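Just so we're clear, the structure is a prediction, and the values are computed from it rather than from any experiment. Chain letters run A, B, ... following the sequence lines, proteins first and then strands; every chain starts at 1.
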Amino acid sequence: MMSLQTIFLLSSFLYPQKIYASAETSLKKSIEDPYKNWVVAVHSSNPLVSLSKVELRRILLKQKLFWSENNRAVPLFLEPSHEKFNEFSRLFLGFNSSQYPRFWIEQKFTKGLTKPKEGDVSSLIKLIGILKGAIAVIPEKEWNKLERPSVKSIKLISNE
Amino acid sequence: MKKILLGALLCGGFLNPVHSHSGADIDRLNHRIDELENSLLLSKHSKGKISSFESLSLSLGGYFNLTGTSWSLPHARNVQTFDEVEMGLMLNGQVSENLSFFSHIEFEQEREIVNHHAYFRTFGDDDQQVEVEDLFLTYRSNDILSFNFGALITPFGVSNREHFDFLRWQNEKPLALRENQGEFIFFDDHVRGFSVDTRYQLDRGLLESSLYLGSIDEDRNRFATGYRLGYRSEEGNLKVGTSFQTGQRSSFGRYYSFGLDMKARIGFFEFRSELFMSDLDQSKNRIDQNPISFYFEPWYHLVDHRHILYSRFDYLHDTLGIRYLDHDRDVNTEALRDPVEFYEYTFGYNFLPIANWRISLGVSRTVYVGKNNRLDGISRDFTSIEWGTVLSF
């Protein structure tokens, strides 16, 4: 019986372009779309099924405060000591982590807005399960490991 | 309590052997019970927590500021001092989903400069005061419309809205915002009244406006009204706005003030810039020109936003001038009104050891131009060094 390695070697010999193209495509995909490694989580009662990247950023930065009339959005953040925080800040907030504290100090003074609550992934999931207006962005790897009662993920779509 | 919980868990394990726990599981549960007990105990005794009466949440914060100034001026008296120490206390309460309040109270010890623009400029005596900077209620039920009632910072320009000490690179405000012996030059920076704010989300940005009416700080019997329209780009890299205020002042009659402002960020480089103009009854005020001012303040972030090099180029033509309070001048003599036109060039450095602690050092050169560039034949030009530290908490 041929092993998997033998099949791979044989096919790469027979169809080298196809194999490399496929590897290149998957590599490109992960480089081009870093958002794929993240999950946007909300309370299961939230009727939303998708959210654009721009809308998500507005909610996380408290530029948009309400889901609907009288229904406040409650953004929650990964704690800054989390290994993925830099990536989260750059991708979803639009600035690097060294600008993060200053941004919220400015918001406190000029708009009276406080920094969202920060926590580790399991605390964020628990909080989303309790707070109906809550929203957080979770690394996909950790999302898959956790039990998530009353929490659902929504689709992140491009800005259009 | 711990024993009861542990007992219950062990009984559970005994009665349901299929689901019995290993030693490691019991240790883990023990640890969790300890944590729960601690947090219950802490919440019972409210340790490290603020209890709010009727609010859903209450946030407390503020800042501490210490500033020193040194002049290089041949005829100045007491040329260096720690002229300002203050603490701002801010309280923000979310009373319900829609209703919140914000208060900002300043406790201050200050030595104000008397005789601005004189070659013999002097620090006054220590003045201690408690000042209500902001105190207002906000009603907001959606993202488009909100109402504010109380003592408000007037939304005129960018520096006045970002007037908190921590957000500036030096303690001294731009020239147009400095008081002229208790009187404002272009607009009153506070009103007691109300404002209606609107926000309109565009595809690639945000339009914000604010309409306000209130009695002014300078004279509580008189009112001012104003409007500001601003645009903020989606990424926040560009903010532009225009402002207007009109009102009656006991000393100068009706005034109409206009402003244009811009704040931009390009990578590590940022700047803010503003233009101020006022239209006054020139014949009544015995002036031949209206006051005008503008400034340009660029800054550059170095090494993870911890080192900031800044500069400010500031110009003011204060056509209303000043009436000297003492030292050789008579307050009530109208003929002694002293219009001035001058530039202030500032260069400085800020170091932020942590994100909320700023240490600053700046040097300013003030150069007077025009026909009143000298007083009694002596140049008014001077150099000042400002140092200070501000902590935000």
Side-chain angles (χ1 to χ4, degrees), chain A residues 52-76 80 86 89-118 120 122-123 126-127 130-134 158-160, chain B residues 56-63 88 90-94 96-98 100-104 134 136 138 140-144 146 148 153 155 158 161-168 199 201 203-204 206 208 232 234-237 265 268 301 303-306 308 352 354-358 392-393:
Chain A
S52 75
K53 288 168 191 170
V54 170
E55 283 287 295
L56 175 63
R57 184 172 182 271
R58 287 173 188 159
I59 291 167
L60 295 176
L61 295 180
K62 295 196 173 182
Q63 287 161 8
K64 181 177 165 62
L65 295 168
F66 292 84
W67 289 116
S68 57
E69 190 93 6
N70 298 326
N71 185 11
R72 272 196 177 254
V74 185
L76 303 168
N86 276 347
S89 178
R90 196 168 33 80
L91 282 179
F92 296 98
L93 307 181
F95 42 74
N96 65 43
S97 55
S98 65
Q99 291 167 288
Y100 174 79
R102 172 94 192 167
F103 175 84
W104 288 107
I105 291 171
E106 278 187 18
Q107 296 301 302
K108 174 181 79 174
F109 283 125
T110 56
K111 295 187 177 140
L113 295 174
T114 49
K115 187 167 62 176
K117 293 264 181 292
E118 296 159 345
D120 57 30
S122 71
S123 309
K126 277 177 196 162
L127 280 169
I130 299 164
L131 302 167
K132 290 191 174 172
S158 56
N159 298 335
E160 287 71 45
Chain B
L56 298 175
S57 68
L58 200 62
S59 308
L60 186 68
Y63 57 89
M90 296 154 73
L91 201 61
N92 186 359
Q94 192 69 43
S96 71
E97 289 284 301
N98 310 120
S100 62
F101 75 88
F102 180 75
S103 75
H104 167 204
D134 307 80
F136 58 86
T138 299
R140 185 203 304 265
S141 65
N142 56 46
D143 284 313
I144 298 167
S146 62
N148 302 300
I153 287 280
V158 61
R161 289 179 303 125
E162 298 181 358
H163 68 291
F164 299 94
D165 297 350
F166 188 80
L167 300 182
R168 296 199 296 263
R199 300 166 89 241
Q201 193 71 57
D203 280 348
R204 296 297 303 162
L206 184 72
E208 288 177 298
R232 180 190 177 286
E234 184 61 44
E235 310 299 325
N237 294 336
R265 183 174 65 225
F268 289 96
H301 298 265
V303 199
D304 276 357
H305 302 269
R306 292 176 65 187
I308 283 111
L352 286 86
I354 51 173
N356 55 334
W357 182 23
R358 182 169 74 73
S392 159
F393 57 89

Testing the basics here: between [X] and [Y], what is the closest heavy-atom pair and its distance to 0.1 Å?
X	Y	value
B:Glu97	A:Arg72	O-NE, 2.8 Å
B:His305	A:Ser98	CD2-OG, 3.0 Å
B:Ser59	A:Thr114	OG-CG2, 3.4 Å
B:Phe164	A:Phe109	CE1-O, 2.6 Å

Region of [X] in contact with chain A, defined by heavy-atom distances below 4.5 Å:
X	value
B:Arg306	neither
B:Asn92	side chain
B:Asp134	neither
B:Phe268	neither

To the nearest 0.5 Å, tell me how far B:Arg199 CZ sits from A:Leu65 CG.
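That separation rounds to 6.0 Å.
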
I need the B:His301 NE2 to A:Gln99 CD distance, nearest 0.5 Å.
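So the NE2 of B:His301 and the CD of A:Gln99 are separated by 7.0 Å.
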
Pairs flagged by salt bridge (charged side-chain N to carboxylate O under 4.0 Å, His left out) wherever residues 57-66 of chain A is involved - sequence neighbours left out
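Sorted pair list: A:Glu55-A:Arg58, A:Arg57-B:Glu235, A:Arg58-B:Glu234, A:Lys64-B:Asp143.
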
Check the surroundings of atom CH2 in B:Trp357: do more than 12 heavy atoms from other residues, nucleotides or ligands lie under 6.0 Å from it?
no

What part of A:Thr110 lies closer than 4.5 angstrom to a heavy atom of chain B: side chain, backbone, both or neither?
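A:Thr110 touches chain B through backbone and side-chain heavy atoms alike.
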
Relative to chain A, which of B:His104, B:His163, B:Arg140 shows the most heavy atom pairs under 4.5 Å?
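Top option by heavy-atom pairs under 4.5 Å: B:Arg140.
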
With sequence neighbours left out, what residues match A:Phe66 under ring-ring contact (aromatic ring centres under 6.0 Å, His included)?
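Listed in chain order: nothing, the list is empty.
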
